[in-house]
Amino acid sequence: MTDNAPIFGEHNMEARHLDPNRILPYFPWVELFATRNYELPYPAIIYSNEEAETLYQNVVDLLVAWIAEDQIDINVTLQFEGNPEKSEEAVGVLCIEVQFLNRPARLLNEFGIRESEMVNLLRLATLDWVLDSENYGSEVQSEVLDETHWRLTAVS
């Protein structure tokens, strides 16, 4: 690593109207299936249970449609306290706001998913994206402050 390489915590981050395609690889499938009490965990369950496979495909189709129709609005801010000289000193507060531009409750209810649950899953996907894209080589841990805020700190 060179002296000019960015470090975790050296700059704040804001992503207004984040492209949801960025977070799709981070979608928390494990959490979605864990709350449904299947016998096997994800991904094994979608290969051995027709109902689980159908749920998976329906959620994928919904996400793709929402993205194509620009129906998900994600706003992210990461504000660091002070100006740390080392990543180990960095403490930031992450805010993730997710909104559907049209109410998807009817579609989600068909699959047994509450709108609030889907919003939370999209927040978790965004959190993982931020942890992966903004860590600059540091191991970063998150602590839940409330449903839209997390404290991020580098692990020394």
Quick check on Gln99: does its CD atom have over 12 non-hydrogen neighbours (other residues, nucleotides or ligands) under 6.0 Å away?
no
Going hydrophobic residue to hydrophobic residue with side-chain gaps under 4.5 angstrom, can you get from Ile23 over to Val30?
yes
Distance check, rounded to the nearest 0.5 Å: Leu121 atom CG versus Arg114 atom CZ?
9.5 Å
Nearest 0.5 Å please: distance from the CZ atom of Arg22 over to the OG1 atom of Thr126.
11.5 Å
Could you tell me if Tyr38 and Asn49 have a donor-acceptor pair between their side chains, going purely by distance under 3.5 Å?
no
Look at the side-chain heavy atoms of Ile, Leu, Val, Met, Phe, Trp and Tyr, link any pair under 4.5 Å apart, and say whether Tyr42 and Leu63 land in one connected group.
yes
Using a strict threshold of under 4.0 Å (side-chain N to carboxylate O), is an ion pair present between Glu117 and Arg123?
no
Looking at Arg16, I want to see if its CZ is surrounded by more than 12 non-hydrogen atoms of other residues, nucleotides or ligands under 6.0 Å.
yes
Student check: side-chain heavy atoms of Ile74 and Val76 closer than 4.5 Å
yes
Validation row: Phe111, Leu62 side chains within 4.5 angstrom (heavy atoms)
yes
Between CG of Asn102 and CH2 of Trp66, what distance do you get to the nearest 0.5 Å?
11.0 Å
Distance alone, cut at 3.5 Å: any donor-acceptor contact between the side chains of Gln57 and Asp61?
yes
Show your working on side-chain hydrogen bond (donor to acceptor under 3.5 Å, both in side chains) between Thr77 and Asn75 and close with a plain yes or no.
CA-CA 7 Å; Thr77 57; Asn75 294 298; over 6 Å; no
One should read off an interatomic distance between Trp29 CH2 and Tyr56 OH, to the nearest 0.5 angstrom, of 5.5 Å
